Amino acid sequence: MSVQLQNRPEAFRQFALRRAEELKQMVTPYLKQSNTIPTGFLRSELYEFRRAKILSYFDATLEDWENWHWQMTHRISDSHVLDSLLSLTAEQSMEIERVGKTFRWAVSPYYLSLMDGTDPFDPIRLQGLPTQAELFDNFGEEDPMGEEITSPAPSITRRYPDRLIINVTNMCAMYCRHCQRRRNIGETDTHSPRNQLKAALDYIRANPEIRDVLVTGGDALLLSDLTLDWLLGELHAIPHVEIKRLGTRAPVTLPMRITDELCTILAKYPPLYINTQFNHPKEVTTDAKKAADKLVAAGVVLGNQAVLLKGINHQPQIMKKLNQELLKIRVRPYYIFHAKNVKGTRHFIPRIQDGIAIMEQLRGHTSGLAVPTYIINAPKGGGKTPVSPQYLISLDENKAILRTWEGKYIQYETP
Ligand SMILES: *Cc1c(COP(=O)(O)O)cnc(C)c1O
């Protein structure tokens, strides 16, 4: 008896060691693949080299580069300029020019510096530069989310009981090729006029059930410091507005927008959440980290809303890597959105099966913190609908059948 007891811990240890070996084997294929996935951190020297090339083209300095106004006034939106900065074939250059006549495009010099000069399938290039696939889309809708019919007051979209969106601008540092609000990206960049924002604020003041206000666009951080200070201050002063959120891709496409001055303003209005949109591990760069560090120091809570895009990030290992890289810079993966059926973007729409496969490969296989919710926006403005692999196989009064993350079926007796 006593011999047996003494041996038991050893038997447990042997059991745990065998299990640990099994777990190690489980992650090994991913680790092999993971090493071949390019990340922003690994490529920082390359990015610096391209930055130098762009600066020399514009005859500009590093100080210019760090100035977000310089980045905005030097956005590349001309195929000839692009031609001097990337190695385009004559055909590619003509294609960009042709598509550009129908769909506007513009890329910040910073985002351009992340682009592969030669690979037309580079995930950064696919997000930033137009391709003729955009013209071949006869099925997509202008406004699949029905945003035009959910606006009870100027600049406001309200789809949920306790929260709403204020649209403050149609401007962005880059016009993403997968943009769901393409219809708003006209020839001109405009911020919503002050009197419209005032009307939006009046609506929020008059509706005390609104406890969460999401300021977005376009890109909310393209507002001036002055306007942001005013708008956040107004929202902060409304007692029933418990939390404020900003929607912005600036940490990804224009990280120099995150200045000390901006952070001083943001720090005044807690609790403030910023949701951004990193779609590929290549976007998680040293500059993005610097921006995230500053925002965190200002007390901002960071989240990521990735868009699932065919040919860019629809493979499980890319999404896993992206979410792990994001946790390294304190950005918590929040949503993965299934790309919407927006006219001109259909070539990016993945299969729902791709999204499910990604979620299956995340849960249990990596930190729960790296597992966002996969969302399909129901057509006609039906709202965000979570979709996930099935873990609850059956449920009745006495028992449930569960499927574990490893695919084991287990019966759970309800007490
Ligand atoms: C996405 C969205 C929100 C925010 O939704 P959460 O699930 O709370 O992040 C709010 N209003 C509208 C109109 C939206 O589309």
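Read the numbers this way: they start at 1 and go in the same order the structure lists the ligands and their atoms. Just so we're clear, the structure is a prediction, and the values are computed from it rather than from any experiment.
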Below 3.5 Å, N or O to N or O, backbone or side chain included: is there any such pair between Tyr160 and ligand 1?
no
Using the ring of Phe103 (Phe, Tyr or Trp, six-membered ring only), decide whether Arg182 places NZ or CZ under 6.0 Å from its centre and within 45 degrees of its axis.
yes
Please confirm whether Lys320 makes a cation-pi placement over Tyr30, using NZ or CZ under 6.0 Å from the six-membered ring centre and within 45° of the ring normal.
yes
I'd like to know if the side chain of Asn304 reaches the main chain of Val331, judged simply by a donor and an acceptor atom lying under 3.5 Å from each other, with no hydrogens or angles considered.
no
Enumerate the atoms of ligand 1 whose separation from the nearest heavy atom of Tyr334 is less than 4.0 angstrom.
6 (P), 7 (O), 8 (O), 9 (O)
Below 4.0 angstrom, N of the basic side chain to O of the carboxylate: do Asp219 and Arg257 qualify?
no
Would you please classify the geometry between the Trp70 ring and the His74 ring as parallel, tilted or perpendicular, with 30° and 60° separating the classes?
parallel
Under 4.0 Å to a heavy atom of Arg159 - the qualifying atoms of ligand 1, by number
13 (C), 15 (O)
For atom 2 (C) of ligand 1, the option (of Arg158, Lys384, Gln180) bearing the nearest heavy atom:
Lys384
With a 4.0 Å cut-off on N to O distance, would you call Asp202 and Lys198 a salt bridge?
no
Within 4.0 Å of some non-hydrogen atom of Arg245, the atoms of ligand 1 are 4 (C), 6 (P), 8 (O), 9 (O)
So is Asp212 polar-close to ligand 1, meaning N/O to N/O under 3.5 Å?
no
In ligand 1, the atoms that come under 4.0 Å of a heavy atom of Thr157 are 13 (C)
